[in-house]
Amino acid sequence: MIAAVGATILARPLLQTVWKRWHPELESALLPLFRRTFPPMSLARQTLALSALTGAYLQFYFIEVGLQIASLNSVTVFLPLTSMT
């Protein structure tokens, strides 16, 4: 889901440019749709929020994995001295 949101944020301006280049006759009809896009400050805020969410998830994941590893029981194995020759 995070990748889909990131791809949407990054790909939308590119898709708009390609669409305008391929279909210039439809540009006036689609102009109100393109103007409904987010202002640049909102895009920066969304990008910051997405990166903060990603960072929080990764931090939670690594802490959770670290706690699981720390909670594992340690096993001590004693080998007879004769088997080490």
Side-chain angles (χ1 to χ4, degrees):
M1 183 174 131
I2 294 174
V5 172
T8 303
I9 290 172
L10 296 175
R12 187 173 187 141
L14 177 67
L15 292 175
Q16 287 178 358
T17 306
V18 169
W19 182 265
K20 286 179 186 179
R21 201 171 286 165
W22 284 351
H23 302 287
E25 69 278 359
L26 298 176
E27 184 175 352
S28 62
L30 294 175
L31 202 53
L33 292 175
F34 289 151
R35 286 198 179 152
R36 285 191 314 165
T37 60
F38 300 109
M41 201 58 196
S42 178
L43 181 64
R45 192 178 310 127
Q46 284 182 348
T47 305
L48 181 64
L50 180 65
S51 61
L53 179 66
T54 304
Y57 171 75
L58 289 175
Q59 182 181 13
F60 168 76
Y61 176 76
F62 286 120
I63 289 174
E64 179 70 21
V65 168
L67 288 174
Q68 287 179 3
I69 291 172
S71 69
L72 291 175
N73 294 330
S74 61
V75 177
T76 305
V77 177
F78 292 101
L79 297 175
L81 188 60
T82 57
S83 68
M84 298 184 70
T85 57

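If you're wondering where the values come from, they're calculated on a predicted model, not measured in any experiment. Heads up: numbering here begins at 1 and tracks the sequence.
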- Decide whether F62 and Y57 are clustered together by the hydrophobic rule: side chain heavy atoms of Ile, Leu, Val, Met, Phe, Trp, Tyr closer than 4.5 Å, transitively.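 Per the 4.5 Å side-chain linkage, F62 and Y57 are co-clustered.
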- Query: So if you build clusters from Ile, Leu, Val, Met, Phe, Trp, Tyr with side-chain heavy-atom gaps below 4.5 Å, do V65 and L58 land together?
  - Reply: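 Same hydrophobic cluster.
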- Query: Once you round to the nearest 0.5 Å, how far does CD1 of I69 lie from CD of E64?
  - Reply: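 Rounded to the nearest 0.5 Å, the CD1-CD separation comes to 11.0 Å.
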